Visitor: 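Let me begin by handing over the structure; questions about it come next.
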Amino acid sequence: MLDLKLMQKNPEIVRESLKKRGSKIDVQEFTDLDDTRRKLIAEVEALKAEKNAVGPEIAKRKKAGKDASDLLEKMGEVSQRTKLLDTELSKIEAAQNNWMMTVPNIPHESVPVGASEDDNPVLRYWGEKPELNFAPKEHWEIGTALGGLDFECAAKLTGSRFSVSYGWCARLERALAQLMLDTQTSMHGYTEVVPPFMVNRKSMTGTGQLPKFEEDLFKLDGTDYFLIPTAEVPLTNIYADEVVDEARLPIKFCAHTPCFRSEAGSYGKDTKGLIRQHQFHKVEMVNFAHPDKSYEALENMTAAAEKILQLLNIHYRVIALCTGDMGFGAAKTYDIEVWLPGQDAYREISSCSNCGDFQARRANIKFQPADSKKKQFVHTLNGSGLAVGRCLVAVIENYQQADGSLVIPEALKPYMGGLEKVESE
RNA sequence: GGAGAAGUGGCCGAGUUGGCUGAAGGCGCACGCCUGCUAAGCGUGUAACGGGUGUUAAGCUCGUUCGAGAGUUCGAAUCUCUCCUUCUCCGCCA
């Protein structure tokens, strides 16, 4: 959520930022609602002030046994009028609040302006594409052939966009998650968390998934609980409605959780394999940072995510998302795209964002500065470190051999119980 | 799932014949004073959000907030209803 004061005093800044994002939201709607709201407040509060002033007089007269019927009658009218205006006011406030909740964050000044993903600049490459002297296969071919992946069984158990993995593949996924958690906790100072995998509406609203993107979520029937689409939601909301001491910043959490996404509107996209599933595992990183240090923190977080691919020795590139491609709550986002030889393409494997105070304002997350009484909103950041399922894809496609076998990357061997290579039986 | 109890300010805790209680008292914290000593004492202060005014300041002023929401009433922390959460006991279960 944007700052109300900014909306009121500098609507042109908001208008500009929405334009850069390619949004059609009209700031004038807000201004009109706000004017009406303020007029109503002035009127209602005048009535309430009168009520508060006359109340004690009624009490005094009653105690003294005097007649107060004239005041009672008058206050009856005031009360009625107040109720009427209060109802109207809460309608306006609801409309205004709803408007505010659907406005995306303002992009940071360093974010490249652009209309779509085609305008995202590549910032750097790491490593090189592997030179294969054979035609590389896609991960689902290899995984299925080696007995590790079964999509038909998953379709039987549940439906499309699910998978079952067995043996080496199941363990490889676990190994990847282990490597990621161990790296983020021991090398990068993250505290490991096991949060709930389902959260309530308030949490989803705090991080920005709701109210706008409900169709992307799985909701548990008969409850107000949603399956998390990312651990960003529970991790960030850990400090909802809290005030932390400045000295504790930055606070860094990571968690390995399943993620559930309805993938509404992605019909026909990545229908095969593990790339786009309704359920996948991800190691997520969340930072609560001081406003002065959040952009530095974003660089650190991105580097922490990159570290995993470096340990696995897999080629990737980092891109900056342009204004037209950034997510709802982000002020700035870096995507890490891993090289997939089977697909002959770079695919997103991590997305690291600084949300500024956007989520902190929604979720009410503040810190107490040491040298001032005024509490301030923290900045929140989130990033995948990494998406485990897609990382599994990357390992399978990058470590495939000409004979159809699969070599286990050096960094994963400690987690694989001595397994060095997967071969067909 | 069944039966009870409770939810007040940073914390503890008064307040249930409705008005003078944003809310006593204590603790904690901040500042000051005193004290020749790692303590004690004394004093003052100590919520958030919103409206108006104002230099997107301070200040002043008004309003709202006693788990959430709705109701009764001229007026509710105090009465009624619904919901949420926590705790205790019983049952069930990994």
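As the structure is a prediction and not an experimental result, all values here were calculated from the model.
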Visitor: Paired with G18(B): which nucleotide, if any, by Watson-Crick or G-U wobble criteria at under 3.5 Å for both distances?
Guide: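 Partner of G18(B): none found under 3.5 Å.
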Visitor: Is a salt bridge present between Lys282(A) and Glu232(A), judged by a nitrogen-to-oxygen distance below 4.0 Å?
Guide: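 Judged by the 4.0 Å cut-off on N to carboxylate O distance, Lys282(A) and Glu232(A) do not form a salt bridge.
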Visitor: To the nearest Å, how far apart are Glu77(A) CD and U73(B) C1'?
Guide: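 In whole Å, U73(B) C1' lies 16 Å from Glu77(A) CD.
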Visitor: I need the CZ-C1' distance between Arg201(A) and C84(B), as an integer number of Å.
Guide: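 Taking CZ of Arg201(A) and C1' of C84(B), I get 16 Å after rounding.
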Visitor: For the pair made of CG in Leu89(A) and C1' in C49(B), what is the distance, rounded to whole Å?
Guide: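 It is 14 Å, rounded to the nearest whole Å.
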Visitor: Taking atom C1' in both A6(B) and G63(B), compute the distance separating them and give it to the nearest angstrom.
Guide: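 Each nucleotide's C1' atom is 31 Å from the other's.
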Visitor: For C33(B), give the paired nucleotide (Watson-Crick: N1-N3 plus N6-O4 or O6-N4; G-U: N1-O2 and O6-N3; both under 3.5 Å), or none.
Guide: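 Its partner is G41(B) (Watson-Crick or G-U wobble, both distances under 3.5 Å).
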Visitor: Need to verify one output field. Residue with the more 5' nearest nucleotide on RNA chain B, Pro56(A) or Arg38(A)?
Guide: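 The residue whose closest nucleotide sits nearer the 5' end is Pro56(A).
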Visitor: What is the separation between atom CG on Leu47(A) and atom P on G75(B), rounded to the nearest whole Å?
Guide: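 Nearest whole value for this atom pair: 13 Å.
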Visitor: Mind checking Lys74(A) for me? I need base, sugar-phosphate or nothing, with any heavy atom below 4.0 Å counting as a touch.
Guide: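 It contacts nothing in the nucleic acid.
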Visitor: C1' atom, C66(B) versus U61(B): distance in rounded Å?
Guide: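 Between the two C1' atoms, the distance is 24 Å.
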Visitor: Do NZ/NE/NH1/NH2 and the carboxylate oxygens of Asp34(A) and Arg38(A) come within less than 4.0 Å?
Guide: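 So Asp34(A) pairs with Arg38(A) through a salt bridge.
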Visitor: Evaluate the side-chain proximity of Met180(A) to Lys307(A): yes if any heavy-atom separation is below 4.5 Å, no if none is.
Guide: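 Contact flag for Lys307(A)/Met180(A) side chains = no.
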Visitor: In whole angstrom, what separates Lys62(A)'s NZ from G18(B)'s P?
Guide: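 Value for this atom pair: 12 Å.
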Visitor: Partner lookup for A6(B), please. Criteria are Watson-Crick or G-U wobble with both distances under 3.5 angstrom; report none if nothing qualifies.
Guide: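 Partner of A6(B): U85(B).
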Visitor: Do any side-chain nitrogens or oxygens of Ser79(A) fall under 4.0 Å of OP1 or OP2 in U73(B)?
Guide: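 Indeed not, no polar side-chain atom of Ser79(A) lies that close.
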Visitor: Expressed as a whole number of angstroms, how long is the span from Leu4(A):CG to G50(B):P?
Guide: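 Atom-to-atom, Leu4(A) to G50(B), this comes out as 8 Å.
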Visitor: If we call it a pair only when both distances are under 3.5 Å in a Watson-Crick or G-U wobble match, what pairs with G91(B)?
Guide: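 Its partner is none (no Watson-Crick or G-U wobble pair with both distances under 3.5 Å).
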Visitor: Suppose you measure atom C1' in G22(B) against the same atom in G9(B); what distance do you get, rounded to whole Å?
Guide: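 Result for the C1' pair: 8 Å, nearest Å.
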Visitor: What is the base-pairing partner of A70(B), counting Watson-Crick and G-U wobble geometry with both distances under 3.5 Å?
Guide: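 By the stated definition (distances under 3.5 Å), U80(B) pairs with A70(B).
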Visitor: What orientation do Phe30(A) and Trp99(A) show, parallel under 30°, tilted 30 to 60°, or perpendicular over 60°?
Guide: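 Geometry flag for Trp99(A) against Phe30(A): tilted rings.
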Visitor: Does a side-chain N or O from Asn52(A) land closer than 4.0 Å to OP1 or OP2 of U64(B), or not?
Guide: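 Result: yes.
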Visitor: Is any side-chain N or O of Lys375(A) closer than 4.0 Å to OP1 or OP2 of G10(B)?
Guide: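 Answer no for this pair, as no side-chain N or O of Lys375(A) is under 4.0 Å from OP1 or OP2.
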Visitor: In whole angstrom, give me the gap between the C1' atoms of C93(B) and G2(B).
Guide: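 The same atom, C1', in both gives a distance of 16 Å.
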Visitor: If you measure from the C1' atom in G1(B) to the same atom in C79(B), how many Å do you get, rounded?
Guide: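 Those two atoms are separated by 31 Å.
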Visitor: With P as the reference atom in both, quote the distance from C11(B) to C29(B) in angstrom, rounded to an integer.
Guide: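 Those two atoms are separated by 15 Å.
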Visitor: Who does C11(B) pair with, Watson-Crick or G-U, both distances under 3.5 Å?
Guide: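 Across all strands, the one nucleotide that pairs with C11(B) is G26(B).
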Visitor: Which nucleotide, in any strand shown, forms a Watson-Crick or G-U wobble pair with U55(B), with both distances under 3.5 Å?
Guide: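 Base partner found: none.
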Visitor: Look at the aromatic rings of Phe288(A) and Phe253(A) and report parallel, tilted or perpendicular, splitting at 30° and 60°.
Guide: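 Answer is perpendicular, since the angle exceeds 60°.
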Visitor: Using a cut-off of less than 4.0 Å, is there contact between a side-chain N or O of Arg61(A) and OP1 or OP2 of G19(B)?
Guide: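 For G19(B), neither OP1 nor OP2 has a side-chain N or O of Arg61(A) closer than 4.0 Å.
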Visitor: Would you kindly compare Lys5(A) and Ala49(A) by the position of their nearest RNA chain B nucleotide and give the one closer to the 5′ end?
Guide: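 The residue mapped nearer the 5' terminus is Lys5(A).
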Visitor: Under 3.5 Å for both donor-acceptor distances, Watson-Crick or wobble: does U65(B) have a partner, and if so which one?
Guide: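 By the stated definition (distances under 3.5 Å), A47(B) pairs with U65(B).
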Visitor: Aromatic contact between Phe260(A) and Phe197(A), with the criterion being ring centroids under 6.0 Å apart: yes or no?
Guide: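 No, the ring centres sit 6.0 Å or more apart.
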Visitor: How far does the P atom of G50(B) sit from the matching atom of G7(B), given to the nearest Å?
Guide: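 About 29 Å, rounded to a whole number of Å.
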Visitor: When rounded to the nearest Å, what value does the distance between C1' atoms of A57(B) and G41(B) take?
Guide: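 Pairwise C1' distance, A57(B) against G41(B), rounds to 39 Å.
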Visitor: Mind checking Ile41(A) for me? I need base, sugar-phosphate or nothing, with any heavy atom below 4.0 Å counting as a touch.
Guide: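 Ile41(A): backbone/sugar contact only, no base atoms under 4.0 Å.
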Visitor: Can you give me the closest heavy-atom contact between Ser405(A) and Lys421(A), atom names plus distance?
Guide: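 Looks like OG-CE, 3.1 Å.
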